[in-house]
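To start, the structure itself, in structure tokens.
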Protein chains: 2
Amino acid sequence: MDAGASEESKGQRTRAAILERAVEVACRVGLGGLTVGQLAAEAGLSKSGLYAHVRSKEALQLAVLETAAEQFAAAVVRPALQAPRGEPRVHALVDRWLACGRTFAPGGVLIVKASVELDDQEGAVRDLLEEQHRELVRTIARIVAGGVADGQFRVDVAPDQFAADLYGVMLAYYHAHRLLRDPRAEARARTAVAALLAAARSPHHQGAVRAPDEDAPSRAPHDEE
Amino acid sequence: MDAGASEESKGQRTRAAILERAVEVACRVGLGGLTVGQLAAEAGLSKSGLYAHVRSKEALQLAVLETAAEQFAAAVVRPALQAPRGEPRVHALVDRWLACGRTFAPGGVLIVKASVELDDQEGAVRDLLEEQHRELVRTIARIVAGGVADGQFRVDVAPDQFAADLYGVMLAYYHAHRLLRDPRAEARARTAVAALLAAARSPHHQGAVRAPDEDAPSRAPHDEE
DNA sequence: AGCAAATTAGCACGATCGTGCTTTTCTCGT
DNA sequence: ACGAGAAAAGCACGATCGTGCTAATTTGCT
């Protein structure tokens with residue numbers, strides 16, 4: 001008699017609904033601000049009814065984090081990985097990431113918020129979060145490295161530096177967009193990404209990969225120390 | 001019996017001590033995680049004894065935020081404004097900002113953390129925080145604009161874009177340093193700043209790239225604001 | 001339909017939350 | 001040295017926190 005197109009049993013469905021709701025709530029109040037009673041009220045359950053699904057608060061936080069990461073991977077990372085290698089793939093990642101702001105995929109917002117909230121609180125939640133972010137940075141770096149291997153980016157582009165820079169652009173976007181509510185936030189993020197890409201672009205781009213004869217670094221964007 | 005060299009009365013001194021301690025605690029658990037009982041224990045006071053100083057929790061959060069901003073201004077912004085205009089001033093800002101990590105001036109950490117924590121929670125605390133961050137971004141933009149007016153930076157450098165980019169670099173630094181505990185975080189931040197500066201540098205005015213003592217700009221005695 | 005199993009509500013618990021009083025202790029100008 | 005006023009503690013309150021256990025309800029299979 002259920003019209004939901006799903007194979008899971010009731011328990012799994014309500015659990016999923018709880019976690020989805022929890023991600024949205026945690027986006028506002030943080031993982032630490034998540035409260036069993038509040039979340040139960042928001043999900044239309046009794047406190048103990050909800051508690052039967054999440055066996056403890058820490059387990060809830062871990063599950064919420066995993067849900068958020070899965071949302072982010074499904075809405076941003078995996079689609080971007082389907083774009084052509086190199087620059088288009090970077091652009092796809094940024095485009096979808098920026099869209100996290102308005103299209104409701106709040107997981108992307110939560111993992112950013114949680115990473116700041118928990119950076120100084122030891123425990124299993126922090127451990128999971130750290131691993132998730134390590135993986136995210138690795139993914140970005142691999143996307144960049146693909147562009148380097150393709151010849152689209154210069155060989156002296158350091159993927160992890162680029163990944164850190166790109167992540168910083170996204171953090172600045174969140175800051176300007178969410179705290180300052182600056183409507184120019186997205187445009188600035190795009191400008192910054194374009195600058196990053198311009199600095200990384202191989203001098204002879206334009207599709208076909210020519211033989212790499214001589215790369216004369218007219219202006220290397222690195223080191224002073 | 002007291003050896004403290006201060007002019008204020010006892011009340012003001014303990015209040016200052018409370019706030020200083022509160023900044024450190026809030027650096028770990030956030031402004032929302034601040035609790036009167038916990039803070040009282042950490043400060044060696046009774047709950048009501050502390051509560052007499054901070055008249056409510058919201059007032060406490062506001063005062064903590066003001067304390068943090070003052071710490072940041074005293075340790076980072078004001079000293080940087082004393083450096084010579086343009087590039088040296090940008091470098092001074094970054095240097096001192098990066099030092100917030102280890103030298104204990106936790107105010108700089110808190111205002112970053114609070115900005116993410118409260119970006120979606122209306123109220124007086126968010127309002128204050130937003131204004132503080134607006135002012136911070138304005139300050140950075142003015143430092144950049146000074147370099148443009150000086151001819152050190154190209155005329156087509158947009159100060160607010162540069163400010164957002166620079167702030168993003170700092171956010172990426174906090175992420176890598178505090179969550180990932182990456183020892184290369186600081187080096188990457190410096191690399192990113194150097195790239196930002198290199199892209200902004202005007203083609204002529206090609207003085208010493210990094211010789212802040214040699215380069216004598218036209219005007220040293222005054223600082224603008 | 002009927003029944004076992006899974007799901008949810010009810011209720012209770014100790015702890016701690018923010019916030020008020022009242023009382024004790026301390027400070028410091030005279 | 002003392003006395004007025006400031007500072008801190010003691011204590012109490014309702015609310016809510018996370019977490020259990022038990023009873024009622026609902027689900028899904030035969």
* Asked: Does anything in residues 14-31 of chain B reach DNA chain C, meaning a heavy atom under 4.0 Å, and if so which residues?
  -> none

* Asked: Is A:Glu122 salt-bridged to B:Arg181, cutoff N-O under 4.0 Å?
  -> yes

* So B:His175 and A:Tyr167, would you call those rings parallel, tilted or perpendicular, with 30° and 60° as cut-offs? -> tilted

* To do: Pick base, sugar-phosphate or nothing for B:Leu34, based on heavy-atom distances below 4.0 Å to the nucleic acid.
  => sugar-phosphate

* **Centroid-centroid distance, A:Trp97 to A:Tyr173, less than 6.0 Å** => no

Distances for protein N or O near nucleotides 10-14 of chain D N or O, under 3.5 Å:
unit_1 : atom_1 : unit_2  : atom_2 : d
D:dG10 : N7     : B:Ser48 : OG     : 2.8
D:dG10 : O6     : B:Ser48 : OG     : 3.0

* Should we say atom CD of A:Glu131 is surrounded by more than 12 heavy atoms from elsewhere, each under 6.0 Å from it? -> yes

* Pair B:Glu42 + B:Arg28: basic N to acidic O under 4.0 Å -> yes

* Charged N to carboxylate O under 4.0 angstrom, B:Arg126 versus B:Asp120? -> no

* Asked: Hey, does the side chain of B:Ser9 come within less than 4.0 Å of D:dA6's phosphate (OP1/OP2), counting only N and O?
  -> no

* Asked: Should B:Arg188 and A:Asp165 count as an ion pair when the cut-off is N to O under 4.0 Å?
  -> no

* Salt bridge check: are A:Lys113 and B:Asp119 linked by an N-O gap of less than 4.0 Å? -> yes

* Asked: So which of residues 50-67 of chain B are in contact with DNA chain D, with a heavy-atom cut-off of under 4.0 Å?
  -> B:His53

* Asked: Separation of A:Lys10 atom NZ from D:dT27 atom P, in whole Å?
  -> 5 Å

* Asked: Passes side chain to side chain contact (heavy atoms under 4.5 Å, CB included), B:Leu129 versus B:Gln132? Steps please.
  -> CA-CA 5 Å; B:Leu129 193 63; B:Gln132 289 179 342; 3.8 Å; yes

* **Salt bridge flag under 4.0 Å for residues B:Asp95 and B:Arg190** => yes

